[in-house]
Peer 1: 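Next up is a structure, given as structure tokens.
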Amino acid sequence: MAEGENRHIFVNAGPIAHFSKGDLTKPLVGNSMSSPDQLYPSEFGFVIESGFFTKIAHSEEIVSEYGSGVQLHDLHGRAIIPGFVDAHTHLLWDGDRSNEMSMRQKGMSYAEIAAQGGGIRHTVSQTRASTKLDALGMSRCDSALSHGTTTMEVKSGYGLDTDSELSLLGIYQNLMDQTGIDLHPTWMGAHDIPNDMDRSTYVDTILSEQLPAILDQGVAISADVFCEPGWFTLEDTEEICKAARDGGLQIRLHVDEFTDGGGLELAAELNAVTADHAIHSSDDARAAAGEAGTLQGFLPGTPYVMGSHIWPPIQQCIDEEWPWTIATDFNPNCQTLSMPMAGSLIAHRLKIDPIAALAAATRNPATGLTSGLITEGIINVGAKANFNQLKSQYVESWCQSPGHAGIEKTWLLS
């Protein structure tokens with residue numbers, strides 16, 4: 001390859017949200033999430049070589065060093081932000097549960113809907129019978145990318161038996177080769193209890209059969225458990241997580257979505273990477289999670305589609321300097337892969353600073369997917385060159401057009 005053939009030079013950017021200040025093994029917390037130090041001023045540019053940022057400087061300096069005769073990408077003052085890191089998605093499933101909205105509006109709870117044949121188990125039956133999961137996965141990756149997502153955590157959990165869970169995770173392996181999005185697969189066999197087993201029997205099957213098969217085939221990076229009263233107990237969760245961690249998997253948990261069941265406190269004790277939903281968790285548990293370095297992963301699309309008036313205490317997390325993230329929680333009830341929509345919900349409904357919301361959609365979730373220095377969710381020398389060019393000169397615009405991404409172009413150069 002000739003010198004410079006794999007080089008891309010961008011100049012005349014608007015402000016660049018780089019989020020590269022501080023320890024790049026850790027999330028930003030508190031006021032550092034919206035600090036002006038996390039933005040480069042207008043008229044900067046950058047050089048990308050072999051898919052990585054290699055220089056970030058004033059545009060005049062870049063032109064002077066690389067020559068005015070080279071091909072330049074003129075950004076015309078558009079704001080630049082990292083590619084979004086959507087760190088909680090249930091990407092692969094088939095079936096339709098649209099009827100559940102009417103059931104919820106009649107006052108039925110999540111558990112009551114499940115007891116009448118809806119919920120996760122209904123999706124499991126449809127997913128096991130599906131012949132189009134590969135196509136659905138590709139279509140959904142394309143949708144995420146169209147909304148600026150360049151890195152995504154993807155869960156299994158709609159198989160609930162060894163063969164089906166392995167099949168779902170195997171499709172993720174194939175999607176990694178076909179899409180430009182970086183996928184991080186999570187095994188979530190402990191998503192619900194199959195119809196033909198009781199909880200205790202299924203936990204035994206998970207530990208004796210399903211988890212060993214997952215580890216043997218090396219198809220997952222993380223393990224997740226639906227730790228909620230009525231599903232998997234604290235004891236079940238601890239046993240599954242310790243076995244998964246002994247096998248080399250990171251721990252991610254669903255906790256305290258419907259009530260404070262002690263899930264976030266357990267996540268902190270287990271040093272889980274993230275504990276998601278966490279709507280009803282106690283302040284003591286949130287403080288313990290902060291001390292343990294466990295991210296509180298907030299999924300604002302879920303209370304929105306569920307019609308809940310209870311929202312996560314994000315401003316309190318900022319005030320107390322507890323680490324937090326946002327994600328889409330794409331699933332049969334919450335069918336959005338738009339991180340800008342998630343950002344809009346907390347900016348418009350909870351009055352969270354749009355820059356802080358952006359840190360929670362980029363750098364912070366990247367720390368929960370990467371061991372050591374992060375190379376995603378930031379714009380920094382040595383980071384992967386995945387970024388979004390906004391339609392506006394203001395970084396804050398990223399989440400102010402709900403229903404639309406507000407993105408002029410997503411660049412995937414890594």
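Just so you know, these numbers come straight off a predicted model, no measurement behind them. For reference, positions follow the sequence shown, starting with 1.
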Peer 1: With distance as the sole test, does R286 use its side chain to make a donor-acceptor pair with the main-chain N or O of S281 at under 3.5 Å?
Peer 2: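 Indeed, once roles are kept as given, a pair shorter than 3.5 Å links the two residues.
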Peer 1: If you round to the nearest 0.5 Å, how far is NE2 of H73 from CD1 of I9?
Peer 2: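 Going from the CD1 atom of I9 to the NE2 atom of H73 covers 8.5 Å.
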Peer 1: Could you tell me whether the side chain of S143 and the main chain of R140 form a donor-acceptor pair under 3.5 Å?
Peer 2: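 Side chain of S143 to backbone of R140, a donor-acceptor pair under 3.5 Å: no, none is there.
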Peer 1: Could you walk me through whether I240 and L207 pass the side chain to side chain contact (heavy atoms under 4.5 Å, CB included) check?
Peer 2: CA-CA 7 Å; I240 293 167; L207 293 169; 4.2 Å; yes
Peer 1: Just verifying a value: how many Å separate T325 OG1 and L299 CG, rounded to the nearest 0.5 Å?
Peer 2: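 One gets 7.5 Å once the value is rounded to the nearest 0.5 Å.
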Peer 1: Ignoring hydrogens and geometry beyond distance, is a side-chain donor-acceptor pair present between S282 and D284 at under 3.5 Å?
Peer 2: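 There is no such pair (donor and acceptor under 3.5 Å, judged by atom type) between the side chains of S282 and D284.
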Peer 1: So with a 6.0 Å cut-off around NZ of K21, is the heavy-atom count from everything else above 12?
Peer 2: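 Incorrect, the count does not exceed 12.
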Peer 1: Mind checking whether V219 and I214 have side chains closer than 4.5 Å, heavy atoms only?
Peer 2: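 Yes, at least one pair of side-chain atoms sits under 4.5 Å.
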Peer 1: Take the angle between the ring planes of F387 and F53 and call it parallel below 30°, perpendicular above 60°, tilted in between.
Peer 2: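 Tilted, since the angle between the ring planes falls between 30° and 60°.
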Peer 1: Tell me if a side-chain donor or acceptor on E165 pairs with a main-chain N or O of W187 at a distance below 3.5 Å.
Peer 2: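 Between the backbone of W187 and the side chain of E165 there is no qualifying donor-acceptor contact (under 3.5 Å).
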Peer 1: Any sub-3.5 Å donor-acceptor pair from N380's side-chain atoms to S20's backbone N or O?
Peer 2: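 Pair absent, no side-chain N/O of N380 close to backbone of S20.
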Peer 1: Begin from the C-alpha positions of D236 and V225 and carry the test side chain to side chain contact (heavy atoms under 4.5 Å, CB included) through to its verdict.
Peer 2: CA-CA 9 Å; D236 296 335; V225 176; over 6 Å; no
Peer 1: Distance only, no hydrogens: is a donor on one side chain within 3.5 Å (strictly under) of an acceptor on the other, for N271 and R245?
Peer 2: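 Side chains of N271 and R245: no pair found under 3.5 Å.
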Peer 1: So, using ring-ring contact (aromatic ring centres under 6.0 Å, His included) as the criterion, who are the partners of Y304 when residues are at least two apart?
Peer 2: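 Y304 satisfies ring-ring contact (aromatic ring centres under 6.0 Å, His included) with no residue once adjacent residues are dropped.
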Peer 1: For side chain to side chain contact (heavy atoms under 4.5 Å, CB included), just list the numbers for E228 and H277, CA-CA rounded to whole Å, side-chain angles, deciding distance to a tenth of an Å, and then say yes or no.
Peer 2: CA-CA 11 Å; E228 194 77 30; H277 288 294; over 6 Å; no
Peer 1: Which residues satisfy the side chain to side chain contact (heavy atoms under 4.5 Å, CB included) test with L215, sequence neighbours excluded?
Peer 2: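 Counting only residues at least two positions away or on another chain, L215 forms a side chain to side chain contact (heavy atoms under 4.5 Å, CB included) with L211, L249.
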Peer 1: CD/E269 to CD/E238 distance, rounded to the nearest 0.5 angstrom?
Peer 2: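 Going from the CD atom of E269 to the CD atom of E238 covers 7.0 Å.
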Peer 1: Sequence neighbours left out, what passes side-chain hydrogen bond (donor to acceptor under 3.5 Å, both in side chains) with Q316? Give chain and number order.
Peer 2: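 Q316 satisfies side-chain hydrogen bond (donor to acceptor under 3.5 Å, both in side chains) with D283 once adjacent residues are dropped.
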Peer 1: Less than 3.5 Å apart, any donor N or O on the side chain of D329 or H88 sitting next to an acceptor on the other?
Peer 2: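 Judged by distance alone, the side chains do pair up.
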Peer 1: Give a yes or no answer on whether the side chain of T237 reaches the backbone of T233 with a donor-acceptor pair at less than 3.5 Å.
Peer 2: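 Yes; at least one donor-acceptor contact below 3.5 Å.
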Peer 1: My understanding is that only residues two or more places apart in sequence, or in another chain, count here; which of them pass salt bridge (Lys or Arg N to Asp or Glu O under 4.0 Å) with R252?
Peer 2: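 For R252, the residues satisfying salt bridge (Lys or Arg N to Asp or Glu O under 4.0 Å) (neighbours in sequence not counted) are E153.
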Peer 1: If you count every heavy atom of other residues, nucleotides or ligands that lies below 6.0 Å from D204 atom CG, does the total exceed 12?
Peer 2: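 Result for CG/D204: enclosed.
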Peer 1: H18: which residues meet the ring-ring contact (aromatic ring centres under 6.0 Å, His included) condition with it, sequence neighbours left out?
Peer 2: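 ring-ring contact (aromatic ring centres under 6.0 Å, His included) check on H18 returns Y40.
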Peer 1: I'd like to check the side chain to side chain contact (heavy atoms under 4.5 Å, CB included) partners of P323; sequence neighbours left out, ordered by chain and number.
Peer 2: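 Expected list: P27, V29, L295.
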Peer 1: Out of curiosity, E235 CD to L266 CG, how far, rounded to the nearest 0.5 Å?
Peer 2: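 Rounded to the nearest 0.5 Å, the CD-CG separation comes out at 9.0 Å.
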Peer 1: Taking side-chain hydrogen bond (donor to acceptor under 3.5 Å, both in side chains) as the test, write out the residues that go with Q217, two or more places apart.
Peer 2: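 In terms of side-chain hydrogen bond (donor to acceptor under 3.5 Å, both in side chains), with neighbours along the sequence ignored, Q217 is linked to no residue.
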Peer 1: More than 12 foreign heavy atoms under 6.0 Å from CE of M101: is that the case here?
Peer 2: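 No, CE of M101 has 12 or fewer neighbouring heavy atoms, counting only those of other groups under 6.0 Å.
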Peer 1: Measuring from T302:OG1 to L345:CG, what's the distance to the nearest 0.5 Å?
Peer 2: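 So the OG1 of T302 and the CG of L345 are separated by 10.0 Å.
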Peer 1: F258 vs S109, test: side chain to side chain contact (heavy atoms under 4.5 Å, CB included). Steps then yes/no.
Peer 2: CA-CA 10 Å; F258 308 120; S109 69; over 6 Å; no
Peer 1: Check salt bridge (Lys or Arg N to Asp or Glu O under 4.0 Å) between D182 and all other residues, then give those that pass, not counting sequence neighbours.
Peer 2: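 Salt bridge (Lys or Arg N to Asp or Glu O under 4.0 Å) check on D182 returns K384.
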Peer 1: Which pair of heavy atoms, one from S130 and one from D94, lies closest together, and at what distance?
Peer 2: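 Scanning both residues, the minimum pair turns out to be OG-OD2, 2.7 Å.
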Peer 1: Verify, without hydrogens or angle tests, whether Q335 (side chain) and P332 (backbone) share a donor-acceptor contact under 3.5 angstrom.
Peer 2: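 Checked: pair present.
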Peer 1: Under 3.5 Å, is there a donor-acceptor pair between the side chain of R363 and the main chain of K26?
Peer 2: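 Yes, the answer is positive, given that a donor and an acceptor are paired below the 3.5 Å cut-off.
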Peer 1: Closest approach of G157 and I120, non-hydrogen atoms and distance?
Peer 2: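 Taking G157 first and I120 second, the nearest heavy atoms are O-CG2, 4.4 Å.
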Peer 1: Scan side-chain atoms only and decide if D198 and S200 contain a donor-acceptor pair under the 3.5 Å cut-off.
Peer 2: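 No, S200 and D198 have no side-chain donor paired with an acceptor closer than 3.5 Å.
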Peer 1: I need the minimum non-hydrogen distance between L92 and G137, along with the two atoms involved.
Peer 2: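 Heavy-atom minimum between the residues: CD2-CA, 3.7 Å.
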Peer 1: List for me each residue that meets side-chain hydrogen bond (donor to acceptor under 3.5 Å, both in side chains) alongside N195, sequence neighbours excluded, and say none if there are none.
Peer 2: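 So N195 forms a side-chain hydrogen bond (donor to acceptor under 3.5 Å, both in side chains) with R121.
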Peer 1: Does the side chain of H90 come within less than 4.5 Å of H191's, by heavy atoms?
Peer 2: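 Yes. Closest side-chain heavy atoms under 4.5 Å.
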Peer 1: If you take all heavy atoms of S34 and I355, which pair is closest and at what distance?
Peer 2: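 Nearest heavy atoms, S34 then I355: CA-CG2, 3.9 Å.
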Peer 1: Using the ring-ring contact (aromatic ring centres under 6.0 Å, His included) criterion, which residues pair with F226? Sequence neighbours excluded.
Peer 2: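 Partners of F226 under the ring-ring contact (aromatic ring centres under 6.0 Å, His included) test: W231, H254.
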Peer 1: Might you point out which heavy atoms bring T54 and I48 nearest each other, and give the distance in Å?
Peer 2: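 Looking at all heavy atoms of both residues, the shortest contact is OG1-N, 4.3 Å.
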Peer 1: Per the ring pair (Phe, Tyr, Trp, His ring centres under 6.0 Å) rule, what does the pair list look like for residues 310-360, sequence neighbours excluded?
Peer 2: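 Matches after skipping sequence neighbours: W93-F330.
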Peer 1: Taking atom types as modelled, is there a side-chain donor on D319 or Q315 under 3.5 Å from an acceptor on the other?
Peer 2: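 A pair is found: one side chain offers a donor N or O, the other an acceptor, under 3.5 Å apart.
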Peer 1: Which heavy atom in I407 sits nearest to a heavy atom in L390, and how many Å separate them?
Peer 2: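 Taking every non-hydrogen atom into account, CG1-CD2, 4.0 Å.
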Peer 1: Contact between L91 and C141 at the side-chain level, heavy atoms closer than 4.5 Å - yes or no?
Peer 2: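 Yes; the side chains approach each other to less than 4.5 Å.
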Peer 1: Hey, are the side chains of Q116 and M108 touching, using non-hydrogen atoms and a 4.5 Å cut-off?
Peer 2: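 Yes, close enough: below the 4.5 Å cut-off.
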Peer 1: Strictly distance-based, threshold 3.5 Å: is any side-chain N or O of N364 a donor or acceptor partner for the main-chain N or O of L28?
Peer 2: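 A pair under 3.5 Å: yes.
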Peer 1: List the residues meeting ring-ring contact (aromatic ring centres under 6.0 Å, His included) with W398, not counting sequence neighbours, and say none if there are none.
Peer 2: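 Residues passing ring-ring contact (aromatic ring centres under 6.0 Å, His included) with W398: F84.
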Peer 1: Using only atom types and a distance under 3.5 Å, with no angle test, would you say the side chain of D256 pairs donor to acceptor with the backbone of L264?
Peer 2: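 Looks like yes, one N/O pair under 3.5 Å.
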Peer 1: Just how far is it from atom OG1 of T328 to atom NE2 of H147, taken to the nearest 0.5 Å?
Peer 2: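 These two atoms lie 10.5 Å from each other.
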Peer 1: What verdict does the salt bridge (charged side-chain N to carboxylate O under 4.0 Å, His left out) test give for E408 and K391, after you've listed the backbone C-alpha separation in whole Å, the side-chain angles of each residue and the deciding distance to 0.1 Å?
Peer 2: CA-CA 5 Å; E408 193 164 71; K391 295 177 181 178; over 6 Å; no
Peer 1: Given side chains that start at C-beta, do those of F46 and I80 come closer than 4.5 Å, heavy atoms only?
Peer 2: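 With C-beta onward as the side chain, the pair touches.
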Peer 1: T205 side chain to T201 main-chain N or O, any donor-acceptor pair under 3.5 Å?
Peer 2: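 Checked: pair present.
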